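Working notes for the structure below.
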Amino acid sequence: MSQRTRARGLAAVAALALALTACSGGSEGDEETSGLDNRTGAMEDYAAGDQFTATEPLSFSLLFSDHPNYPSQDDWLLWSEITARTDVTLDPTLVPMSDYEQKRSLLIGAGDAPDIIAKTYPGQEDAFVSSGAILPVSDYVDLMPNFQQKVADWGLEANIDQLRQADGKFYVLPGLHEAPWQDYSIALRTDVLDELGLDVPTSWDEFRTTLEAIKEANPDEYPFSDRFSETYPGGNLLNIAALGFGTAGGWGYNNATWDGDADEFVATAAMPEYKAMVEYFHGLVADGLMDPESFTQDDDSAIQKFVTGKSVAIGANAQSIVNEYEPGLASNAPEATVAKMPFPCGDAGCVLNPVSQTENGIMINADAADSPNFVAMMQFIDWLFYSDEGQEFTKWGVEGTTFEKAADGTRTLAADVDYVGLNPSGTKHLQKDFGFAGGNFAYGGATELLWSTFSEDEIAFQESVADYDMIDLAPPAPLDETESEQLALIDTTLRDAVSQATVQFILGQRDLSEWDAFVADYEAKGATQYVDIVNGARERYVADNG
Amino acid sequence: MVTTVETAAGPLPARKGSLMKDSRGYRVFKVFNVVAMLGVVAVTLYPFLMIIARSFSSDTAIRSGQVNIWPVGFNLTTYELVMSDAMFWTNYKNTVIYTVVATAIALVLTTCYAYVISKHHLRGRTVLIGIAVFTMFFNGGLIPNYVLITSLGLKNSLWAIVLPNAISVFNLLVMKAFFENLPAELEEAAQIDGLGTYRILWKIVIPLSKAVIATMLLFYAVSFWNSWFAAFLYMDKSELFPVTVYLRNLIAGSSTAQSTGAAAADVAQVSANIQSVTMVLTVLPILCVYPFVQRYFVSGVMLGSVKG
């Protein structure tokens, strides 16, 4: 917590420092980029699908988040192959992943940021926009044919619009997914279900029935003991449940939620859907189906309950099943099988959040626009992050060295290379020894590419959600400075109040009959004001930008 | 603590045995004291023992919560694994170098500064003290400091870690109080015998100040050994990091990735086992040094504080 507070404080300081020097920097507004004359090293007719190769050797600096499991090595094939293919040398500034955001704020604040700032989640650029230290990339996307093509082909215009700031521009180049995907769900002991003759549940109602049946067979234990509550009580559970119930919660909680039918933002915790969700989980706890500690225990405690057979259901993503549950169960209950249940449907139908189609991407230092190599750099970024070849390269490596590709397009790892347990006999590791499939470069892309490293179980899970509907994306409602200060003042108070009350109501510490009083208090504490400001910003944006 | 109790109790037993027994209240107090101290010891030692036990345990045993203060599923492979990581040793070596150089420089500078400002007849002494104390309450802030270090060309060098933290004002004031406490007559006598300022400092004052110097040595060495923030700020290459940054990345990095739901490629957990092994290896040297310096430590701090 303190670390996050410090990082946030630092971002604020950085933003302030930059605001003071803003007059000297800043973008020039909309430019006719095809007429840019800083084209040293750039290709004349670079188009989507082309291999980018600089016409003369270039070097770009890069802010690189260094992962403890596969720390960067100078002799990675990744670095040398990038140079071989594009004639560009990347000069990484290595930052330990643990404190990446803090150093990023510092470097941008000090005006010392590298050209390319990797691993930036949409929303994280907000703190730097007003300073002019970050390039408004939307002015330059015509230099990026692959990016434009992917946005158009995959229908991501609405996702991109969400990134727009008050000036109608966006400042972060996000990672793009062809289709929404869902990683988190709830893992179940499928062997226990088989034993009791139960079907795998597919909705929240069926989930409850399943838990009841398990409870009946083993009345002494809580069948469901959840985790992912370390940073936010019920962070994952409420986040995924909120989709089915038609609201927002947990990690995904925001005080204002877009209501497509009403065509406006509404206060989240005051939605009847939010109350329905709280009532549902209150019911689980009250009937002894869900461990009351689910909202307070650390992950390790919940994992212990699951792998020792005390609980039968637990929150999960693909990695936690392979890395935590299966190894843990192997020693305690060798016959146990675990699988994610299909993403549960609810009253709002079977829905996913299309926000998952954009993920972390890159920011570009505004000073880069004055570099003679600017056009070449944008082409290089476009090729490396957004072309099919670039995405395959950063994920799988070099064909013939780290992987083989069959005629039907199926990729297999080279005989001596291992990655996520796909080739356990491999002596070298795709991430550690070659640098591929790392979080700085490899994310998103075509569904085929994303699934290419998934296990069969995981592909089955992804296929089960492929025909789900999408919830409406919230339209852009960028705030001006006064507004964001106002909202920052009340946002945390409201979040804390909601988080606390949610857990109290679920655990029965507060009676559900007090719900209306809570909502009235929530609105009086500033929820109404909050929503009014957001709706006002939305209207202003529409008026200014159409 | 133990040493002071022993010396204080030293002259007592002869009289005590012949004249009187401990009063009842005092005996109750002693029992209570021992129990309370044992409680504190247990609370302090428990996390240490647990980390050590985990470092020797198998990962599955840790996950299923069987490890307490005794290893379960004994294994040494993790030690082999961590010790075979070249980067761990590079960073470990950096920590040793940074700590030794930084402590040496810090000791010299702090001693000289403290000696100077302990002399009441020195003109401008209050200004010198004021300059030091001012930095206790005000500083330039993170970004200006970063810009300063960068423009001085210290980035990615040992000096970025060593120089900005060379004088800790707290340590300086403790040392100043200690020097003020030394009898002025000693130095006057030395002066009459013909010693100059520097030789007085070297031949008379420093030999008499071993306790406080040992204390400062420990203060500085421990703080430099544990520090990670300066290196994190000013170093851009992982081969320049101290082992604390390595450790921090290992521990903090692994827990943030899963809770924020990062890209699948980046979600990977470092086993609890590796974390414990790294912690043990990092803490070990300081733990070994502590007992030897500790006896100076207590008296050194007390001496400084008498005339604070």
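If you're wondering where the values come from, they're calculated on a predicted model, not measured in any experiment.
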Tell me, yes or no, whether the heavy-atom count around [X] atom [atom1], taken from other residues, nucleotides or ligands under 6.0 Å, exceeds 12.
X        : atom1 : value
B:Phe74  : CZ    : yes
B:Leu152 : CG    : yes
B:Trp159 : CH2   : no
B:Trp70  : CH2   : no
A:Lys310 : NZ    : no

**Item:** Passing option when B:Leu233 is tested against A:Leu106, A:Asp99, A:Leu107 for side-chain contact (heavy atoms from CB on, under 4.5 Å)
**Value:** A:Leu106

Under 4.5 Å from any heavy atom of chain B, what part of [X] do you find: side chain, backbone, both or neither?
X        : result
A:Asp74  : side chain
A:Asp112 : side chain
A:Asp91  : side chain

**Item:** Portion of B:Phe232 that has a non-hydrogen atom of chain A nearer than 4.5 angstrom
**Value:** both

**Item:** Region of B:Tyr246 in contact with chain A, defined by heavy-atom distances below 4.5 Å
**Value:** neither

Ignoring hydrogens, what is the shortest heavy-atom contact between [X] and [Y]? Give both atom names and the distance.
X        : Y        : value
A:Ala110 : B:Ile143 : CA-CG2, 3.8 Å
A:Met97  : B:Asn249 : N-OD1, 3.0 Å
B:Arg248 : A:Ser98  : O-CB, 3.8 Å
B:Ser238 : A:Ser72  : OG-O, 4.3 Å
B:Phe241 : A:Leu94  : CZ-O, 3.8 Å

**Prompt:** Excluding sequence neighbours, so at least two apart, what forms salt bridge (charged side-chain N to carboxylate O under 4.0 Å, His left out) with A:Lys340?
**Reply:** A:Asp183, A:Glu458

**Request:** Output yes when A:Lys103 and B:Asp236 qualify as a salt bridge under the 4.0 Å nitrogen-oxygen rule, no when they do not.
**Result:** yes

